[in-house]
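Comments concern the structure below.
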Amino acid sequence: MSLKEKYPIYLYNTLSKKKEKFEPIHEDSVGMYVCGPTVYSDVHLGNVRTFMSFDVIYRYLQYLGYKVRYVRNITDVGHLENDADEGEDKIAQKARLEKLEPMEVVQRYTNGFHDVLNDFNFLPPSIEPCATGHIMEQIEMVQALLDKGFAYEVNGSVYFDVVRYDKDFSYGKLSGRKIEELMEGGRDLDNQDEKRNKVDFALWKKASPTHIMRWNSPWGEGFPGWHLECSVMSTKYLGETFDIHGGGMDLVFPHHECEIAQSVGSKGKDPVKYWLHSNMLTVNDQKMSKSLGNSFLPQQLFSGDHPLLDRGYGPMVVRFFMLQSHYSSTLDFSNEALTAAEKGYKRLMDGIKIAKGLEYIEGPADNELEDKVKTLIDQLFTHLGDDFNTAKTLAVLFEITTLMNNFKVGNLTTGALSKASFDTLVQHYQGFVFDVLGLKEEEESDHELLDGIIDVLIKLRLDAKAGKNYRLSDKIRDDLKQVGVTLKDSKEGTEYSID
RNA sequence: GGCGCUGUGGCCGAGCGGCUAGGCAGAGGUCUGCAAAACCUUUUACAGCGGUUCGAAUCCGCUCAGCGCCUCCA
């Protein structure tokens, strides 16, 4: 029985508002689309949380043996600042302010985005398409919607006719909105006269004379609407119906709702089987966002260079911190929580190091321990399979860490387990920490020289201790501590760690 | 105004009707020349008020507090 058969996944589907058993459309392969960033400025930590959630999902699906095509787009056409005709898109605005080509802006922040993903040890997606590379396909979808009567053209712009669409299908099923309520409520925006109804949204916008980013189309020079790119690119690379579509919760309405409308309107079928949404990162219980001015850039976090930060924290500490909560809960960001996470992360990594160095030595069997280990391994899978509950999974990993410590100290012997159980335990312990949760050791072990030097000092200190020269031995330890190297004595010898 | 979410011990954070979450911090102990680490033991809970149930942090109602979406936003 394969891992994916043995450990089914249950996930919360925003569309059904229920936890459902995951059954991919094509038996062994999974198509997953995640809405990527608009690259007109630096990604902040809130963005990182969403991509991290889906990074773990991507990793876990592969760990179970699925073949996954993971598509995450780059939005390189700026969405309009507002719905008004004279709006300027964000990338064009940035380009004007910084006197750059729009594509220079796009390239710069795309590079920055990739750097951040690397820092946090994200797996690259299978395909990372960008909106400007798919203008033709977007025009085709607009045309298809026009042909089917779900869109109308006004003065070189094309709008989606939500009211017309709602007669055949139901608009608002993902976000739970009712079209009548949408027609009444909400804020009034300026310059809506082109649209038949306020709920309609743009598929193609006519470019004003000053608008920099523009393409030819059957309706004149213009640029694609806000929601079109995701419909087009997901369909192109994953098919008309695919398994998982993810993104931040703030995209549910209107972005994802409009995606559904566009796909259903043009292709006649629902585009997505499972909609997954990750919740917001908060600061003092408020959503982290650029406009509120409470967002952190990853670099600020690493260096501690921010008024709200006491000091810097490494990317793996942050990753661990985020994994301690469930992706669908808000997570509040604070120095205290990060400091606690840092210690927890270190403890886990110490456990991993112990596991690496453990040798299996035959010994008397302990059935109780054997059962416990089997249960722990099962729980790793069932907890992560339970709507990707990384918090519960980490709890199990800490139980395993305690076991590893006990092996090391000698409270337990490896031989109490069967060889097979011991090997499987170590294999999945490391597998979940590294391959699934995507953690890694913060300090790269490129420390051969340092190892050698500290070894010399450790031996010197041992000599001093043997001669009861504690003044010298303590001086070595204390002085090393001063420069950030902590010595730890144990029965097997002295180890060191770097702060 | 409309729709929706949250409120757990000193802090963070799981939990989806009965069974120890976990991490950090605190206390005591083991080990150590002393430390550190590790190990063992351990204190502090479910916003408030009602209700359903044999049994509720968990379901229902009300109250209070906070948040999100409805405009670009992960």
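Below, chain A is the first sequence line, B the second, and so on; all start at residue 1.
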Any A/N47 side-chain N or O less than 4.0 Å from OP1/OP2 of B/A74: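 Yes, because at least one side-chain N or O of A/N47 sits under 4.0 Å from OP1 or OP2 of B/A74.
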Phosphate OP1/OP2 of B/C39: any A/N411 side-chain N/O under 4.0 Å: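 Answer no for this pair, as no side-chain N or O of A/N411 is under 4.0 Å from OP1 or OP2.
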Counting only distance, no hydrogens or angles, is the base of [N] paired donor-acceptor with the side chain of [X] under 3.5 Å?
| X | N | result |
| --- | --- | --- |
| A/R477 | B/C34 | yes |
| A/D489 | B/A35 | yes |
| A/K90 | B/C72 | yes |
| A/D474 | B/G33 | yes |

Output all residues satisfying side-chain hydrogen bond (donor to acceptor under 3.5 Å, both in side chains) with [X], sequence neighbours left out; order by chain, then residue number.
| X | result |
| --- | --- |
| A/K356 | A/E441 |
| A/H383 | none |
| A/T110 | none |

Output all residues satisfying side chain to side chain contact (heavy atoms under 4.5 Å, CB included) with [X], sequence neighbours left out; order by chain, then residue number.
| X | answer |
| --- | --- |
| A/R177 | A/S175, A/L182, A/F253 |
| A/D42 | A/Y109, A/L297 |
| A/S473 | A/R461, A/A464, A/K465, A/Y470 |
| A/D55 | A/R59, A/F122, A/L123, A/R319 |

Nearest to side-chain heavy atoms of A/N405, which nucleotide of B/G13, B/A38, B/C70: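 The nucleotide sitting nearest to the side chain is B/A38.
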Of the listed nucleotides B/C72, B/A14, B/G33, the one nearest the side chain of A/K465: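 Selected nucleotide (nearest to the side chain): B/G33.
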Under 4.0 Å, counting only non-hydrogen atoms across every strand here, what does [X] touch: a base, just sugar-phosphate, or nothing?
| X | value |
| --- | --- |
| A/G46 | base |
| A/S278 | nothing |
| A/R177 | base |
| A/L281 | base |
| A/L348 | nothing |

Dot-bracket encoding of pairs in RNA chain B, which uses [ ] for pseudoknotted crossings and | for another strand, Watson-Crick or G-U under 3.5 angstrom: ((((((((.[[[..)..(...]]].(((((.......)))))....[[[[[..)....]]]]])))))))....
Summary of salt bridge (charged side-chain N to carboxylate O under 4.0 Å, His left out) pairs that have at least one residue in residues 276-302 of chain A, sequence neighbours excluded: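 Of all non-adjacent pairs touching residues 276-302 of chain A, those that pass salt bridge (charged side-chain N to carboxylate O under 4.0 Å, His left out) are A/D250-A/K287.
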Ring centre gap for A/F296 and A/F333 strictly below 6.0 Å: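 Under 6.0 Å, so yes.
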Contact pattern, 5' to 3', of nucleotides 15-28 of chain B - B, S or - by protein heavy atom under 4.0 Å: S-----BBBSS---
Look for any protein N or O under 3.5 Å of an N or O in nucleotides 64-67 of chain B and output each such pair with its distance, or none.
none

Ring-face cation contact, A/F51 with A/R72, 6.0 Å cut, 45° max: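 That pair qualifies as a cation-pi contact.
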Between B/A14 and B/C46 - C1' atom distance, rounded Å: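 Those two atoms are separated by 13 Å.
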A/E229 and A/N73 side chains, donor-acceptor separation under 3.5 Å: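 On atom types as modelled, these side chains qualify, holding a pair under 3.5 Å.
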d(CG, A/D310; C1', B/C12) in whole Å: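 Distance check: A/D310 CG to B/C12 C1' gives 15 Å.
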Listed partners of A/Y165 passing ring-ring contact (aromatic ring centres under 6.0 Å, His included), at least two apart: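 A/F150, A/F160, A/F169.
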